[in-house]
Amino acid sequence: MESEWNFDQYIYMVINEDLMLPSREPVMLLDPDGRPTVDDTAALPAADDLLRGLAGMVTARRFNEQASVLVRQGRLAVYPSSYGQEACQVAAAQVLDDEDWLFPTYRDTAAAVTRGVDPVEVLGLLKGDWHSGYDPYERRVAPLATPLATQLPHAVGVAHAARLRGESTVVLAMCGDGATSEGDFHEALNFAAVFRVPVVFFVQNNQYAISVPLSRQTVAPSLAHKGVGYGVPGEQVDGNDLAALLHVLSAAVGRARAGEGPQLVEGRTYRMQAHTNADDATRYRGDDEVAAWAAKDPLLRLDAYLRGAGLLDDARAAAHADAAERLARHTRDGIAVDVVPDPEDLFRFVYSTPTPQLVEQLALVRDELSRDEPSREETPR
Amino acid sequence: MESEWNFDQYIYMVINEDLMLPSREPVMLLDPDGRPTVDDTAALPAADDLLRGLAGMVTARRFNEQASVLVRQGRLAVYPSSYGQEACQVAAAQVLDDEDWLFPTYRDTAAAVTRGVDPVEVLGLLKGDWHSGYDPYERRVAPLATPLATQLPHAVGVAHAARLRGESTVVLAMCGDGATSEGDFHEALNFAAVFRVPVVFFVQNNQYAISVPLSRQTVAPSLAHKGVGYGVPGEQVDGNDLAALLHVLSAAVGRARAGEGPQLVEGRTYRMQAHTNADDATRYRGDDEVAAWAAKDPLLRLDAYLRGAGLLDDARAAAHADAAERLARHTRDGIAVDVVPDPEDLFRFVYSTPTPQLVEQLALVRDELSRDEPSREETPR
Amino acid sequence: MTTTSPAVERETLSTAQAINRALRDALAEDPTVLVLGEDVGPLGGVFRVTDGLTAEFGEDRCFDTPLAEAGIAGFAVGLAMNGMRPVIEMQFDAFAYPAFEQVVSHIAKMRNRTRGRVELPLVIRVPYAGGVGGVEHHSDSSEAYYAHTPGLHVVAPSNPSDAYWLLREAIASPDPVVFLEPKKLYWAKGEVALADGGGPGIGTAVVRRPGTDATLIAYGPSVPVALEAAEAAARDGRSLQVVDLRSIVPFDDAGVCAAVESTGRAVVIAEAAGFASVASEIAARVGERCFHSLAAPVRRVTGFDIPYPPPKLEHLQLPSVDRILDAVDDLQWEDA
Amino acid sequence: MTTTSPAVERETLSTAQAINRALRDALAEDPTVLVLGEDVGPLGGVFRVTDGLTAEFGEDRCFDTPLAEAGIAGFAVGLAMNGMRPVIEMQFDAFAYPAFEQVVSHIAKMRNRTRGRVELPLVIRVPYAGGVGGVEHHSDSSEAYYAHTPGLHVVAPSNPSDAYWLLREAIASPDPVVFLEPKKLYWAKGEVALADGGGPGIGTAVVRRPGTDATLIAYGPSVPVALEAAEAAARDGRSLQVVDLRSIVPFDDAGVCAAVESTGRAVVIAEAAGFASVASEIAARVGERCFHSLAAPVRRVTGFDIPYPPPKLEHLQLPSVDRILDAVDDLQWEDA
Ligand SMILES: Cc1ncc(C[n+]2csc(CCOP(=O)(O)OP(=O)(O)O)c2C)c(N)n1
Ligand SMILES: Cc1ncc(C[n+]2csc(CCOP(=O)(O)OP(=O)(O)O)c2C)c(N)n1
Ligand SMILES: [Mg+2]
Ligand SMILES: [Mg+2]
């Protein structure tokens with residue numbers, strides 16, 4: 001009787017059901033001690049890619065540390081650190097070509113930096129100068145998204161526009177485990193699947209949405225299983241294993257580029273620090289849990305493998321550290337520059353041509369500022 | 001390494017992945033000619049249930065026809081008919097106990113009628129007297145939902161409240177294939193799964209959302225597969241086979257009542273008529289397709305089986321028709337009564353106590369109506 | 001109806017046809033224009049506004065999406081970020097609410113948050129307001145939600161000519177425009193001068209009827225009602241001026257003030273519930289800017305502060321000629 | 001601050017503590033009260049407003065939900081339909097927008113569409129407005145969206161005592177209430193008379209400071225600013241009356257009109273973008289109802305019609321003492 005239904009997609013998908021199901025265990029190529037889980041190391045990404053990845057992670061880690069220091073010094077308003085998630089951050093950027101797009105969240109500053117956006121500009125939002133510090137078109141990195149999951153349909157639209165023009169752009173769109181509960185996640189995956197656009201949805205499952213653990217977010221076998229309901233292949237991968245991430249993500253990007261449509265990749269990782277500096281993680285999780293994850297650090301793991309395989313020596317490691325230090329210094333120096341945002345900017349960008357109402361309001365502010373006397377301060381009282 | 005993740009739900013769900021996957025073909029117990037697909041007819045629902053179901057379908061069909069006539073006569077503003085979907089309509093009501101709740105959409109008027117809501121009250125919305133004609137608490141039937149999928153989280157909340165009080169209420173929440181694309185569908189299924197509430201989500205996949213075919217709605221293997229991403233068992237069933245529907249839905253209701261959490265059931269059926277009387281289905285589908293589905297009519301199929309099995313004779317069939325006719329007459333007569341809605345009702349139900357603003361506005365309307373002269377009519381011009 | 005250039009060729013079109021024509025001409029002229037939404041493809045939309053566009057321009061240019069308004073709006077953001085000019089349809093006013101987050105937090109803010117680097121040239125078409133006997137959720141007047149949100153333009157034509165030209169301008173605009181299509185005017189016919197370049201643009205109010213005693217300020221579906229009221233008042237010897245806003249954001253302060261100052265009395269008319277609405281804004285602005293010209297308080301004739309009523313009661317909710325004339329009577333006439 | 005009954009026991013609490021206490025007392029008194037939202041459980045909310053509630057009342061009474069605002073609001077509709085009194089938290093104002101459809105089409109309308117048969121006694125708590133240096137989307141003033149939607153009550157306390165009592169009343173109300181919690185006042189302390197039954201209820205405005213020359217009308221976070229402005233004006237010899245609305249819907253027409261008529265001049269103060277806002281409504285109402293008592297047009301001091309600015313510029317967007325005093329100076333004083 002099934003044949004009578006005669007809906008092409010059913011016939012197509014019934015055959016492909018198994019292809020959509022993720023592996024039952026996250027893909028891991030290097031174990032927490034840096035030992036390959038595969039017999040043949042040819043199955044690992046090329047040594048150059050791994051070295052580039054390690055360098056990226058060392059820089060990302062240093063960037064995370066630097067930003068946290070800047071918060072403590074009061075130079076940044078807030079910083080949601082990706083400390084511990086550097087493998088995901090670096091892999092997300094590393095698997096993309098220049099023509100591709102990256103859609104990061106507020107936590108994915110290190111990914112944006114890895115893709116080449118100036119770290120000072122990346123931190124603009126968190127410094128409070130302006131809502132977005134960098135030009136999204138320059139490196140094809142969308143603005144850091146704060147409202148959860150809302151950037152995912154944008155990513156689908158960007159990919160569809162590229163496809164309509166016949167470009168081979170792939171879009172990698174990031175979100176957290178918590179964000180997968182939002183309706184926008186659902187709608188984005190479905191649009192991507194129906195229009196078969198080249199988007200790789202990359203969920204960093206760091207086990208928490210602020211204080212809420214994954215068990216309160218979903219009871220699915222994995223977040224990668226969420227692809228099934230859209231006809232989107234899902235895969236889960238050890239998010240602290242850069243080798244596995246490069247392997248899985250670049251395969252996904254490749255399939256997307258080849259016209260096979262969207263993919264969903266879940267990276268299982270851990271948010272090692274509090275949600276932001278404003279958060280107190282001791283209220284909702286124990287030290288043991290954090291310690292267990294510290295043992296799976298993505299940097300140590302890859303470092304161990306590369307040294308063991310004779311691909312990394314102290315000199316090269318020192319060069320990595322140097323590069324990271326240079327970026328940290330650039331960040332520090334740049335953030336130290338006190339930008340006094342131009343009040344007229346309040347009105348300049350709302351519309352391409354300000355409305356008569358905004359012109360009037362700008363005049364009011366100008367007048368107020370010009371009259372600025374000591375007795376009537378500019379701070380709200 | 002998996003054991004180190006130590007998240008209970010993963011261990012639980014990985015084992016249960018297969019349980020969540022729907023069968024690859026819709027469950028069918030009676031084929032389109034009414035022949036059992038199983039060797040042992042003991043696997044079919046009890047004869048009494050099938051007879052009750054047939055009676056319900058005969059009435060539902062008659063109700064659909066009557067409502068369409070009332071539209072043509074100008075007595076109803078609009079009618080989204082469930083003609084052809086009567087098996088789904090009847091099964092949805094039949095599997096529930098009195099303590100349970102039904103959440104229907106605008107198309108599920110026949111389900112509400114089957115559950116015992118006065119058909120005249122059910123049609124109140126579509127007649128234009130008032131937004132909802134019946135008391136949702138009387139038969140535990142929520143108001144007909146017009147904004148798609150928005151009623152699904154309500155159903156989850158109703159079920160959760162019942163469970164908090166230790167009641168064994170099950171909620172059956174209906175929606176269409178199109179509605180599964182909405183974010184509210186996603187959020188409702190996820191809440192239901194995380195809180196493990198007794199809700200059966202019943203999707204009537206009638207192949208169209210107004211003009212949009214299923215292929216533009218999803219490329220998943222089936223809508224039932226959408227359960228996987230929530231850890232919710234899904235099942236697909238021939239939506240024109242009342243026996244299969246009763247079998248699958250009552251099992252789902254039973255599991256939900258037993259505390260096994262939510263379930264997702266997709267009934268594959270067909271919208272035999274246009275979306276509503278205002279729609280022109282010839283713009284987007286061919287006669288062949290409609291004719292092919294006509295051959296799978298749910299009434300003919302069950303009728304054929306019951307007669308073949310010696311469970312239905314002409315006398316009983318006539319009794320069914322009589323009952324249906326009585327309901328049609330009651331509907332006709334009730335709708336013929338011209339209700340003149342009380343203008344004061346505009347203000348009476350917005351808040352439990354009208355605001356001073358509404359008191360003033362009511363006075364204005366009273367004044368206007370009291371001054372009603374022929375030269376200034378009450379219709380907007 | 002005021003038209004600007006009497007020399008050019010005109011066609012008589014309904015509002016729905018005028019919108020269809022605007023979409024067609026935009027699709028033909030600019031390959032980056034895309035039309036998308038629920039049922040806008042082969043069906044041509046539930047109001048047939050997109051009739052024939054898929055057939056003429058193909059599936060890539062005018063197409064149905066999955067049924068998800070937030071998804072449609074968010075998808076359009078991405079299209080617009082990447083070189084396209086999407087025109088999206090929200091099937092009915094109230095069914096745009098699921099997209100609210102995308103509209104408020106992204107569509108309205110993208111240009112500002114990126115300091116002008118990311119523009120979103122997109123149009124949100126909304127079949128809008130009541131008076132067509134729709135069941136619940138099919139007759140909302142939702143303009144206040146958009147007009148209150150900085151970053152959006154909000155436009156509401158009252159006739160086929162404006163429908164055509166304002167939509168053409170909206171599609172050409174580098175900024176997002178919420179384009180409100182009064183449902184009850186879809187079938188109203190009028191002349192459209194298709195080749196004349198369009199007359200007054202977005203942001204300009206127009207005096208639809210001259211008058212000296214009081215000014216009626218209306219937009220979209222309320223304009224024909226205001227004109228009828230002015231006609232009725234004329235029979236009673238009172239001369240009412242009718243201003244058609246056309247665009248709510250930007251608002252034509254100069255035009256509206258000049259009109260009110262010329263009569264010294266004003267009534268604002270709008271279908272939406274009155275509280276914290278566009279009508280409130282107009283009354284507040286006029287009260288603030290024309291204070292010393294006003295011989296009487298500004299009156300508002302709006303929907304009541306109730307959910308839109310069922311068909312059999314909607315005539316009471318809609319601003320009627322009677323309610324407008326009552327408000328005019330209330331404007332403290334010296335001869336009263 | 002005005003309090004009503006000086007005899008009863010008082011506690012000094014911050015606004016956040018007062019809200020916490022109101023939730024705790026409501027949970028203790030009524031087993032159907034539930035508190036739910038993102039991070040409201042073990043964490044106690046990002047502002048610690050729900051601190052300790054899960055520990056005291058258990059996981060069934062105060063709990064975290066999946067991260068989905070529409071889901072939270074819709075889930076609460078079902079809870080309220082079935083005998084519960086949910087109090088939901090939207091983590092920040094702008095993160096309530098995904099729930100807009102549920103709020104507007106169901107929460108606001110359920111009672112009306114079922115002709116009073118289905119009541120929804122639920123409260124939507126919204127940490128609200130700016131002045132705390134938040135990054136984008138963390139400082140929206142969203143009251144106009146709710147106030148424009150018939151069927152909702154909209155309440156905004158300006159001090160800990162009102163925070164406690166208005167929330168108790170909101171939870172006890174059979175109707176849905178949007179409860180706006182000014183973020184920048186969370187840490188402001190004040191006396192709360194916990195046993196006195198609460199003073200004036202929802203719908204009643206209060207004169208916070210007497211004055212004879214002009215009336216400042218404010219609510220929520222703008223009330224302390226208005227009081228400061230009045231203090232500053234007093235030093236200049238001008239006597240300003242300050243009215244705290246407390247409740248936006250219902251609106252206290254009688255109280256506000258009496259206050260404005262007593263001075264003949266009015267300035268409306270609110271943080272939200274001014275266009276089509278609650279401030280517009282107040283200005284329009286006062287203009288309409290107190291027209292002949294007004295010696296000058298009603299002035300509005302509001303946020304500009306721009307997206308809420310980044311931290312380093314927000315001081316310019318917020319109504320300041322200076323801007324209020326400028327507006328007062330503008331009220332066409334005879335001696336000027
Ligand atoms: C729509 C929306 N709701 C709520 C928030 C507030 N919020 C910010 S981060 C966060 C948790 C996000 O968790 P997850 O998606 O797992 O990302 P992570 O922070 O772990 O990287 C919440 C609730 C938000 N930013 N957007
Ligand atoms: C949120 C929302 N968006 C759009 C609509 C307009 N609309 C009414 S019915 C319909 C199609 C629904 O299709 P489906 O869910 O398959 O149900 P069916 O009508 O086939 O029973 C649409 C788009 C709506 N009612 N609600
Ligand atoms: Mg997370
Ligand atoms: Mg359907």
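Every chain is numbered from 1, with letters handed out A, B, ... down the list of sequences.
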J.: Using modelled atom types only, decide if a donor and an acceptor are shared between the side chain of Asp39(D) and the backbone of Ser211(A) within a distance under 3.5 Å.
T.: yes

J.: Go through the atoms of Asp338(A) and report whether side chain, backbone, both or neither lie under 4.5 Å from a heavy atom of chain D.
T.: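 Contact with chain D involves the side chain of Asp338(A) alone.
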
J.: Can you confirm whether Gln91(D) sits close enough to Ile210(A) that some side-chain heavy atom of one is under 4.5 Å from a side-chain heavy atom of the other?
T.: yes

J.: Measuring only between side-chain heavy atoms, which start at C-beta, is Val340(A) closer than 4.5 Å to Lys312(D)?
T.: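 Val340(A) vs Lys312(D): side chains apart.
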
J.: Should the heavy atoms of other residues, nucleotides or ligands under 6.0 Å from CG of Asp287(A) be counted, would the total exceed 12?
T.: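 No, because the 6.0 Å sphere around CG of Asp287(A) holds 12 heavy atoms or fewer from other groups.
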
J.: If contact means a heavy atom pair closer than 4.5 Å, which residues of residues 146-156 of chain A contact chain D?
T.: Thr146(A), Pro147(A), Leu148(A)

J.: Need one label for Leu364(A): side chain, backbone, both or neither, based on atoms under 4.5 Å from any heavy atom in chain D.
T.: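 For Leu364(A), the side chain is the part near chain D, not the backbone.
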
J.: What's the separation between atom CG in Asp345(A) and atom CG in Leu316(D), rounded to the nearest 0.5 Å?
T.: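 Between atom CG of Asp345(A) and atom CG of Leu316(D) there are 11.5 Å.
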
J.: Taking every heavy-atom pair that is under 4.5 Å apart, which of Phe185(A), Tyr351(A), Trp130(A) has the most such pairs with chain D?
T.: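 Heavy-atom pairs under 4.5 Å are most numerous for Trp130(A).
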
J.: Can you tell which part of Glu69(D) gets under 4.5 Å to a heavy atom of chain A, answering side chain, backbone, both or neither?
T.: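 Both parts, backbone and side chain.
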
J.: Using the side chain to side chain donor-acceptor pair (under 3.5 Å) criterion, which residues pair with Tyr106(A)? Sequence neighbours excluded.
T.: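 If we apply the side chain to side chain donor-acceptor pair (under 3.5 Å) test to Tyr106(A), skipping adjacent residues, there are no hits.
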
J.: I want to check something: taking the side chain as every heavy atom from C-beta on, are Leu358(A) and Asp305(D) in contact at a cut-off of under 4.5 Å?
T.: yes

J.: Of the backbone (N, CA, C, O) and the side chain (C-beta and beyond), which part of Phe47(D) lies under 4.5 Å from a heavy atom of chain A, both, or neither?
T.: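 No part of Phe47(D) comes within 4.5 Å of chain A.
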
J.: Is Arg371(A) salt-bridged to Asp326(D), going by a charged N under 4.0 Å from an acidic O?
T.: yes

J.: Leu43(D) vs Asp279(A), test: side chain to side chain contact (heavy atoms under 4.5 Å, CB included). Steps then yes/no.
T.: CA-CA 9 Å; Leu43(D) 182 64; Asp279(A) 180 34; 3.8 Å; yes

J.: Closer than 4.0 angstrom, basic N to acidic O: yes or no for Glu38(D) and Arg216(A)?
T.: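 Salt bridge absent between Glu38(D) and Arg216(A).
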
J.: Measure distances from Asp184(A) to the heavy atoms of chain D and classify the residue's part below 4.5 Å as side chain, backbone, both or neither.
T.: neither

J.: With a 4.5 Å limit on heavy-atom distance, are the side chains of Asp129(A) and Leu313(D) in contact?
T.: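 No, their side chains stay 4.5 Å or more apart.
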
J.: I'd like to check Val365(A) versus Phe304(D) (side-chain heavy atoms, cut-off strictly below 4.5 Å). Are they in contact?
T.: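 Side-chain contact under 4.5 Å: yes.
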
J.: Of all the heavy-atom pairs spanning Ser181(A) and Ala68(D), show the shortest one and how long it is.
T.: O-CB, 3.4 Å

J.: Kindly indicate whether the side chain of Glu136(D), heavy atoms from C-beta on, has any atom under 4.5 Å from the side chain of Leu125(A).
T.: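 Yes, close enough: below the 4.5 Å cut-off.
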
J.: Mind running side chain to side chain contact (heavy atoms under 4.5 Å, CB included) on Asp177(A) and Leu67(D) for me, showing each step along the way?
T.: CA-CA 9 Å; Asp177(A) 46 311; Leu67(D) 209 168; over 6 Å; no

J.: Which residue out of Lys127(A), Gln361(A), His131(A) racks up the most heavy-atom pairs below 4.5 Å with chain D?
T.: His131(A)

J.: Enumerate donor-acceptor pairs with a distance under 3.5 Å from any side-chain N or O in residues 48-56 of chain D to protein atoms, sequence neighbours excluded.
T.:
{"from": "Arg48(D)", "atom 1": "NH1", "to": "Gly45(D)", "atom 2": "O", "distance (Å)": "2.8"}
{"from": "Thr50(D)", "atom 1": "OG1", "to": "Val40(D)", "atom 2": "O", "distance (Å)": "2.8"}
{"from": "Thr50(D)", "atom 1": "OG1", "to": "Gly44(D)", "atom 2": "O", "distance (Å)": "3.1"}
{"from": "Thr50(D)", "atom 1": "OG1", "to": "Gly45(D)", "atom 2": "N", "distance (Å)": "3.3"}
{"from": "Asp51(D)", "atom 1": "OD1", "to": "Arg283(A)", "atom 2": "NH1", "distance (Å)": "2.8"}
{"from": "Thr54(D)", "atom 1": "OG1", "to": "Cys62(D)", "atom 2": "O", "distance (Å)": "2.9"}

J.: Taking side chain to side chain donor-acceptor pair (under 3.5 Å) as the definition, give me every residue that meets it alongside His138(D), ordered by chain and number, with sequence neighbours left out.
T.: none

